[in-house]
Amino acid sequence: MKRLVNILIVMMALLPLASCHDQPEWKNDPYGNFDALWTILDEHYCFFAYKNVDWQEVRQRYRAKIHGGISSRELFDLCSDMLKELQDGHTNLISTFDVSRYWIWEQYPINYDERLIDEHYLHFDYRRASGIKYQILSNNFAYVYYGDFANGIGDGNLDVILNGVATSDGLVIDVRNNGGGYLTNVETLVGRFIDERTYAGSIQHKNGTGHNDFSEPYDYYFEPARGRVHYNKPVVVLANRGSFSATNNFVSIMKSLPNVTVVGDVTGGGCGLPFNSELPNGWSVRFSSAPITGPDGKLTEFGVEPDVKVDMTEADAALGKDTILETAFEILKKKRNN
């Protein structure tokens with residue numbers, strides 16, 4: 001994990017430096033706060049070219065809506081709408097009374113029902129360790145659900161979990177509705193499914209105020225968890241639109257492994273390392289500042305395509321079946337029989 005941690009430390013050290021150049025003193029009024037927000041994004045946001053956003057045109061369109069009597073809430077809503085033009089779940093405006101958001105998964109089928117899994121597959125009988133629930137099911141396939149990469153993963157806990165499912169014929173790792181967390185936890189988990197140093201992608205940082213001012217890519221690799229329990233049988237990863245940020249990164253890396261199949265929906269995306277800044281009125285803004293590519297060298301800001309695209313159906317749900325999980329079982333059965 002040392003390689004990724006070192007890169008992230010360097011990235012976080014460089015990001016504040018990018019915002020320390022001379023800037024005008026923005027007035028704490030509607031125009032000043034709007035201009036501060038627009039400029040912070042203009043100089044430090046990382047996906048303008050990738051998303052083909054004309055940020056100057058956006059400024060003209062939204063700034064024209066400001067008037068002398070605009071209230072704080074009206075200004076907040078106007079600025080929030082402007083940020084939505086970026087289509088970025090990592091970009092939020094935060095005030096004492098609201099948080100703006102762009103969550104793409106709200107527009108798509110949920111494709112996950114925890115109660116259905118717990119009742120009809122786990123029968124409310126499962127083990128839990130390090131924020132992970134796990135059990136070997138009656139078909140001798142193991143099921144693991146990890147719902148939050150913000151929950152730390154202990155090496156000892158992972159040893160217990162993988163020892164506990166070692167006799168299974170295949171493993172399902174369910175990261176549906178996992179909204180992300182820490183990339184270091186991604187590295188820790190992936191390390192249990194690789195036997196050699198594995199290319200995971202690259203990271204860049206802004207090194208100037210221009211939209212295309214980026215450093216050379218920092219390549220990063222994951223190392224196998226040496227001396228720890230590994231799982232080398234077939235693996236299926238389940239994803240949906242709620243698989244965002246660090247989870248999006250996890251899915252992209254696992255998809256590149258030869259014994260892994262990704263099933264479900266396109267992930268929610270989010271491949272920019274977020275950074276925070278502040279406006280004169282005290283509102284804070286979080287935004288994508290450092291693009292991270294996957295093992296294939298591509299950005300996954302708009303999500304990772306599954307190997308097998310499938311949605312849950314109402315008919316299956318009425319029978320207590322999860323269509324996506326059942327598809328995973330069919331894939332694992334074929335691998336078991338070959």
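We use all heavy atoms of the structure for the numbers below, so side chains are in, but hydrogens, waters and symmetry mates are not. Remember, it's a predicted structure, so these values are computed and weren't measured experimentally.
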Does atom CG of Asp195 have more than 12 heavy-atom neighbours, drawn from other residues, nucleotides or ligands, at distances under 6.0 Å? yes
Donor-acceptor pair, distance only, cut-off 3.5 Å: does the side chain of His230 make one with the backbone of Ile194? yes
Value for OG (Ser288) from NE2 (His44), rounded to nearest 0.5 Å, stands at 14.0 Å
Across all chains, not counting sequence neighbours, the ring pair (Phe, Tyr, Trp, His ring centres under 6.0 Å) partners of Phe97 are Phe76
Hey, is Lys51 close enough to Glu85 for a salt bridge, meaning N to O under 4.0 Å? no
With salt bridge (Lys or Arg N to Asp or Glu O under 4.0 Å) as the test, would you mind laying out the steps for Lys206 and Asp213 before giving the verdict? CA-CA 6 Å; Lys206 290 296 297 293; Asp213 291 342; over 6 Å; no
Sequence neighbours excluded, which residues qualify as ring pair (Phe, Tyr, Trp, His ring centres under 6.0 Å) partners of Tyr126? none
Below 30° counts as parallel, above 60° as perpendicular, anything between as tilted: where do the rings of Phe275 and Phe287 land? perpendicular
Does a donor on one side chain sit under 3.5 Å from an acceptor on the other, for Asn111 and Asp311? yes
Listed by chain and number, what are the side-chain contact (heavy atoms from CB on, under 4.5 Å) partners of Lys65, not counting sequence neighbours? Tyr62, Leu78
Between Asn259 and Asn232: side-chain donor-acceptor atoms closer than 3.5 Å: no
Which residues pass the ring pair (Phe, Tyr, Trp, His ring centres under 6.0 Å) test with Tyr143, not counting sequence neighbours? none
Is the distance between the ring centroids of Tyr134 and Tyr146 less than 6.0 Å? no
Of all pairs that satisfy ring pair (Phe, Tyr, Trp, His ring centres under 6.0 Å), the ones with a partner from residues 155-201, not counting sequence neighbours: Tyr199-Tyr221
Checking Thr323 against Asp316: is there a side-chain donor and acceptor pair closer than 3.5 Å? yes
Side chain of Thr300, backbone of Ser252: donor and acceptor closer than 3.5 Å? no
Is the centre of the His90 ring less than 6.0 Å from the centre of the Tyr102 ring? no
On the 0 to 90° scale, with breaks at 30° and 60°, tag the Phe47-Tyr50 ring pair as parallel, tilted or perpendicular. tilted
For Ala142, check side-chain contact (heavy atoms from CB on, under 4.5 Å) against everything at least two apart and list the hits. Ile136, Val165, Ser168, Leu171
